[in-house]
**Q** 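Here it is, the structure, as structure tokens.
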Amino acid sequence: MKYDYKSIETKWQKRWEEEHAFEAKDMSEKPKFYGLVEFPYPSGTGMHVGHIKAYGGLEVISRKRRMQGYNVLFPIGFDAYGLPTENSAIKTGIHPRALTDRNIERFTDQLKRVGFSFDWSRVIDTTDDAYYKWTQYIFLKMFEKGLVFRDTAFVNYCPSCKVVLSNEDSQGGKCDICHSDIIQKSKDVWYLRITAYADRLLTGLDTVDYLPNIKLQQENWIGKSTGAFVDFSIADVDEKLRVYTTRPDTLFGVTFMVIAPEHPMIDKLADRIANMDAVVAYREECAKKSEFDRTQLVKDKTGVCLDGITAINPVSGKQIPIYIADYVMMGYGTGAIMAVPAHDERDYAFAKKFGADIIPVIEGGDVASEAYTGDGNMINSGFLNGISTKKEAIAKMIAHLEERGIGEAGVQYKMKEWAFNRQRYWGEPIPIVHCPHCGMVPVPYDELPLRLPEMKEFAPGEGGESPLAKVESYVNCTCPRCGKAAKRETDTMPQWAGSSWYFLRYIDPHNEHALADPEKLKYWMPVDWYNGGMEHVTRHMIYSRFWHKFLYDIGEVNTDEPYAKRTAQGLILGQDGEKMSKSRGNVVDPNEVVDAYGADVLRTYILFMGDYASAAPWSDAGVRGAKRFLDRFADAYDFISEKPSSPALISAIHKTIRKVGTDIEEMKFNTAIASMMGLLNTIFEEKSIAKEEYGILVRLLCPFAPHLAEELWEMLGEKGLCSLAAWPEYDESLTVDQTVELAVQINGKVRGVIAVDKALDRDGVLAIAKNDEKISPLLAGKTILKEIVVPQKIVNFVVK
RNA sequence: GCCGGUGUGUUGGAAUGGCAGACGAGGCGGACUCAAAAUCCGCUGCUGGCAACAGCGUGUGGGUUCAAGUCCCACCACCGGCACCA
């Protein structure tokens, strides 16, 4: 058959739409499957072949589920708030709303041309006021429950662009956009108290099916550590310095302390510090560095000793110096550490540079040359001396500290609170009013959505304020509580907000009274399978799990965890093997491939490129290979004949049904396609296949190349859509070969191959192997020490 | 520096501890054609050999095993992530 992809693809895309083929049915009797892909940011540059790979995996799985009789929800939407659109609006003067609508239209068109089986009746857009009404609603619920708070923090600020920058955009202390120097500016920051859920975010991982490396990354991000808080008193003053340590067992080895330059104790004791000038100078130096740079300086430790004050080691009673150093952060633990140079590499380096004492408390290393981080017997440690295990020493020390009231067991998380405001226009307005009398007052629920005001200029305000601060009609309002004049919050939410609950909205996208109907939520949740990029497995996934757990706690949803299963796809690299980027000029536009070869070729090639989870470079020659495969598949239609398929072919078909099915479940799409190619080669050798068997093949192809499959299915005289036809079943007995080939090895080297009946016993196999014309001469005159027979695999003679 | 991952032909990549290189791409040869493209058929890890065949071969060096790409130890290279996390 002549494969005219252009007419075929338009024809079937139209049919699917007319027949609402891929629309999910709420509350259906069928088993449900909710497949979720990370919705795209509708950028101005249009879609990328990487999007096709990201969606192509669950597309195949969702299509297979439909054919297996599931009620499938496979939705798509747009995560449309974000900086690139705002920057483009500033540059072009076009409103972000107009830019977003235009980009969404373009993405929609591209996605439809690829033939993805999304349920287009449920599309959502996070910038739609009917959507962000509920984003604001969830924020206010959190505010109500005390999970929203404000604090001042230092942020990276570009005085020239007048914007706050992420660490990523301010590397090396330079602004990514204008390259001027970044300063650290104190700012009011809105936080969500995500750490309140840290432990549940961790334990919840035991109940879900995520790829192991994804779980590990989330665990490391949450970063639970157990240890102890210890109070160090300051000599001659009634002041304590509290530290957190994971190694309370080494307390006798503490020879100095280090505190963050911003630590409040410095100002408290300023009149006792003899070298306050040096301290102030060091602080100013630190203020220039972003947190990013502070934490990237690996080699050279800097710091200043606080002259005039000393701390007292609570177990040894020794007076020890206190330093300030920028490698200690105010934001983690207590902002102060106890230093054990003998057994910690960073402390060792610092001690060597500043001439501090080094006292070993664990036997084993040579602290004259380097820190010893191994295990050993406790020494120089009073009541701990002689203890040989870290666990026992820690337990004893904690008991000792607790008894004397100078410390206690404690837990710390690396995870930081979630900074939740941005000084931007194109985001959800934070629905809070600042009243001089009542303080922070939430906008009443019945006034949601709080809409963005119309504006024409989106450049940031003076001093890095949100552009919204310039709109007086928006800023000036009355307090919802006391009715007096008040000011509206002008910051907006980060892009992460809308994507933290979008999978719930797909379930009931047009509901005006709730974020989604509770009965429908109960029917569809949890998401059965979530696929996306590795770059989102920490922040986006942890943020959205946090929101979902909160919604569970207030009774809005019925599951504790949102995602039952999570996988990730690898990148598509450019033809040059480098990451695709506009500046490298190696970006492949999916439209061009669809035009030149068709959507089915694009889909099949992308899934055939290599291991789905790994990065693989694009190859135009490889695309032609996929084209050749589909052409041959269509040509094989001409081999359909009246006579039955050969037994060998039937067996091959049943093996292929099994292989394609299990491979799809494991996301091994490349080998699934390879097995169909292999079968096609067999058909070309036989030049004959029965109609029924060809129909099986068409259905196996359908999830990958649905347009061609539909066309062939129709040519076979089938009435309904192939996309909704039953997934083929295989007959186990037909997949088992009566005769198997066994490799015969002598001392582990293959010397021959024998064909035996699969049921033949060990002795029978050995007899045939020994009498084989290649094997028997090689065994002659040798002593057989051992005979190994692994059924259906191998025979090995160990000889001398 | 720490954490995670990956190293297999010319190339993308296959291989529940059991015949390494499936299936593609590329190359070579043949058929068809006036010719080319397309298509179809065959060959294609390296070395030696006319051949049968032999030896070598999964980043490097060791080890476990009848048998290692696969498991263990040490190292090297590359990719990704990061928050000097006490």
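Only heavy atoms go into these numbers, but all of them, side chains included; no hydrogens, no water, no symmetry mates. Just so it is clear: chains get the letters A, B, ... in the order the sequence lines come, proteins before strands, and each one is counted from 1. These numbers come from a predicted model, not from an experiment.
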**Q** Just how far, in rounded Å, is P of C40(B) from CD1 of Ile683(A)?
**A**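 Answer to the nearest Å: 14 Å.
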**Q** Which base, if any, makes a Watson-Crick or G-U wobble pair with A37(B), both distances under 3.5 Å?
**A**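 Here A37(B) is not engaged in any pair, so there is no nucleotide opposite it.
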**Q** Examine Arg632(A) relative to Phe684(A) and say whether NZ or CZ is less than 6.0 Å from the centre of the six-membered ring and inside a 45° cone about the ring axis.
**A**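 That pair qualifies as a cation-pi contact.
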**Q** Counting side-chain heavy atoms from CB outward, which of G18(B), G26(B), A86(B) is closest to Ala621(A)?
**A**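 Among G18(B), G26(B), A86(B), the one nearest the side chain of Ala621(A) is G26(B).
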**Q** Describe the nucleic acid contact of Gln745(A) in one word from base, sugar-phosphate, nothing, applying a heavy-atom distance below 4.0 Å.
**A**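 Contact class for Gln745(A): base.
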**Q** Would you please confirm or rule out a distance under 4.0 Å between OP1 or OP2 of A15(B) and any side-chain N or O of Lys668(A)?
**A**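 For A15(B), OP1/OP2 do have a side-chain N/O of Lys668(A) under 4.0 Å.
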**Q** Would you classify Val790(A) as touching base, sugar-phosphate or nothing, given that sugar-phosphate means primed atoms plus P, OP1 and OP2, and contacts are heavy atoms under 4.0 Å?
**A**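 Touches a base.
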**Q** Parallel, tilted or perpendicular for Trp496(A) and Tyr543(A), by the 30°/60° rule?
**A**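 It falls in the perpendicular class, over 60°.
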**Q** Can you tell me the distance, in whole Å, between the CZ atom of Arg242(A) and the P atom of A86(B)?
**A**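 Going from Arg242(A) (CZ) to A86(B) (P), I get 17 Å.
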**Q** Mind calculating the distance between CE (Met676(A)) and C1' (A14(B)) to the nearest angstrom?
**A**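 Those two atoms, CE and C1', are 16 Å apart.
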**Q** Using Watson-Crick or G-U wobble geometry with both distances below 3.5 Å, tell me the partner of C71(B), or none.
**A**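 The base-pairing partner of C71(B), which may sit in any strand shown, is G63(B).
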**Q** From the set A86(B), G18(B), G24(B), return the single nucleotide nearest to any side-chain atom of Val328(A).
**A**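 Nearest listed nucleotide: A86(B).
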**Q** Are any of Asn681(A)'s side-chain N or O atoms less than 4.0 Å away from OP1 or OP2 of G24(B)?
**A**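 Asn681(A) to G24(B) OP1/OP2: side-chain N or O found under 4.0 Å.
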**Q** Please confirm whether the shortest side-chain N or O distance from Arg628(A) to OP1 or OP2 of G24(B) is below 4.0 Å.
**A**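 Checking Arg628(A) against G24(B): no side-chain N or O falls below 4.0 Å of OP1 or OP2.
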**Q** Is there a Watson-Crick or G-U wobble partner for G4(B) with both distances under 3.5 Å, and if so, which one is it?
**A**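 Pairing partner: C79(B).
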**Q** Pick base, sugar-phosphate or nothing for Ile788(A), based on heavy-atom distances below 4.0 Å to the nucleic acid.
**A**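 If one applies the 4.0 Å heavy-atom cut-off, Ile788(A) turns out to touch a base.
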**Q** Does one side chain, of Ser225(A) or Gln412(A), offer a donor that lies under 3.5 Å from an acceptor on the other?
**A**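 No - no donor-acceptor pair under 3.5 Å links their side chains.
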**Q** Can you find a side chain N or O atom of Ser614(A) that sits less than 4.0 Å from OP1 or OP2 on G13(B)?
**A**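 Indeed not, no polar side-chain atom of Ser614(A) lies that close.
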**Q** With sugar-phosphate meaning primed atoms plus P, OP1 and OP2, does Asn670(A) contact a base, only sugar-phosphate, or nothing at under 4.0 Å between heavy atoms?
**A**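 Sugar-phosphate contact only - Asn670(A) comes under 4.0 Å of backbone atoms but never of a base.
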**Q** Measuring from the side chain of Glu741(A) (C-beta onward, heavy atoms only), which nucleotide among G4(B), C19(B), U16(B) has the closest atom?
**A**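 Given the options G4(B), C19(B), U16(B), the side chain of Glu741(A) is closest to C19(B).
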**Q** Parallel, tilted or perpendicular: which one describes the rings of Phe354(A) and Phe350(A), with boundaries at 30° and 60°?
**A**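 Aromatic pair Phe354(A)/Phe350(A) classed parallel.
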**Q** Hey, is the side chain of Arg632(A) poking within less than 4.0 Å of OP1 or OP2 on C40(B), counting only N and O atoms?
**A**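 Arg632(A) to C40(B) OP1/OP2: side-chain N or O found under 4.0 Å.
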**Q** When the distance from NZ of Lys786(A) to C1' of A67(B) is rounded to whole Å, what number comes out?
**A**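 Those two atoms, NZ and C1', are 10 Å apart.
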**Q** Distance check needed: C3(B) C1' versus Lys224(A) NZ, whole Å only.
**A**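 One finds 20 Å between C1' of C3(B) and NZ of Lys224(A), rounded.
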**Q** Looking for any heavy atom pair under 4.0 Å, which part of the strands does Ala615(A) touch: base, sugar-phosphate only, or nothing?
**A**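 Contact class for Ala615(A): sugar-phosphate only.
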**Q** If you compare every side-chain N and O of Lys749(A) against the phosphate oxygens of C56(B) (OP1, OP2), does one of them come in below 4.0 Å?
**A**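 Lys749(A) to C56(B) OP1/OP2: side-chain N or O found under 4.0 Å.
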**Q** For G26(B), what is the paired nucleotide under Watson-Crick or G-U wobble rules, both distances under 3.5 Å?
**A**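 Result: U44(B).
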**Q** In whole angstrom, what separates Tyr612(A)'s OH from G13(B)'s P?
**A**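 Between P of G13(B) and OH of Tyr612(A): 16 Å.
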**Q** Checking the side chain of Glu38(A) only, and the main-chain atoms of Asn531(A) only, is there a donor and an acceptor separated by less than 3.5 Å?
**A**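 It does not hold such a pair.
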**Q** Can you figure out which of G12(B), C66(B), G55(B) approaches the side chain of Ala616(A) most closely?
**A**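 That would be G12(B).
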**Q** Any donor-acceptor pair under 3.5 Å linking the side chain of Asn313(A) with the backbone of Val315(A)?
**A**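 At least one qualifying donor-acceptor pair exists.
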**Q** Which whole-number value in Å describes the distance from Leu766(A) CG to C66(B) P?
**A**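 The distance from CG of Leu766(A) to P of C66(B) comes to 17 Å, rounded to the nearest Å.
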**Q** Apply the syn/anti split at 90° from 0 to G9(B) and say which one it is.
**A**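 That one's syn.
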**Q** Let me spell it out: for each of Arg247(A) and Ser675(A), pick the nucleotide of RNA chain B with the closest heavy atom. Which residue's pick is nearer the 5' end?
**A**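 Result: Ser675(A).
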**Q** Can you tell which of C19(B), G13(B), C85(B) lies closest to the side chain of Arg346(A)?
**A**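 Minimum distance to the Arg346(A) side chain belongs to C85(B).
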**Q** Less than 4.0 angstrom between a side-chain N/O of Lys414(A) and OP1 or OP2 of A83(B), yes or no?
**A**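 For A83(B), OP1/OP2 do not have a side-chain N/O of Lys414(A) under 4.0 Å.
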**Q** Taking Tyr244(A) for the side chain and Val411(A) for the main chain, is one N or O donor matched with an acceptor at less than 3.5 Å?
**A**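 Answer holds: no.
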**Q** If we call it a pair only when both distances are under 3.5 Å in a Watson-Crick or G-U wobble match, what pairs with G57(B)?
**A**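 Across all strands, not a single nucleotide pairs with G57(B).
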**Q** Determine the contact category for Ala674(A): base if any of its heavy atoms lies under 4.0 Å from a base atom, sugar-phosphate if only primed atoms, P, OP1 or OP2 are that close, otherwise nothing.
**A**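 Result for Ala674(A) = base.
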**Q** Tell me which of Asp611(A) and Tyr244(A) sits closer to the 5' end of RNA chain B, going by the nucleotide each one is nearest to.
**A**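 With Asp611(A) and Tyr244(A) compared, the 5'-side residue is Asp611(A).
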**Q** Picking from G18(B), C19(B), C66(B), which would you name as closest to the side chain of Val798(A)?
**A**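 Closest nucleotide to the Val798(A) side chain: C66(B).
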**Q** Using whole Å, what does the distance between atom P of nucleotide U65(B) and atom CG of Asn747(A) come to?
**A**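 Atom CG in Asn747(A) sits about 15 Å away from atom P in U65(B).
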**Q** Judged by modelled atom types alone, do Tyr413(A) and Asp199(A) share a side-chain donor-acceptor pair under 3.5 Å?
**A**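 Tyr413(A) vs Asp199(A): donor-acceptor pair found between side chains.
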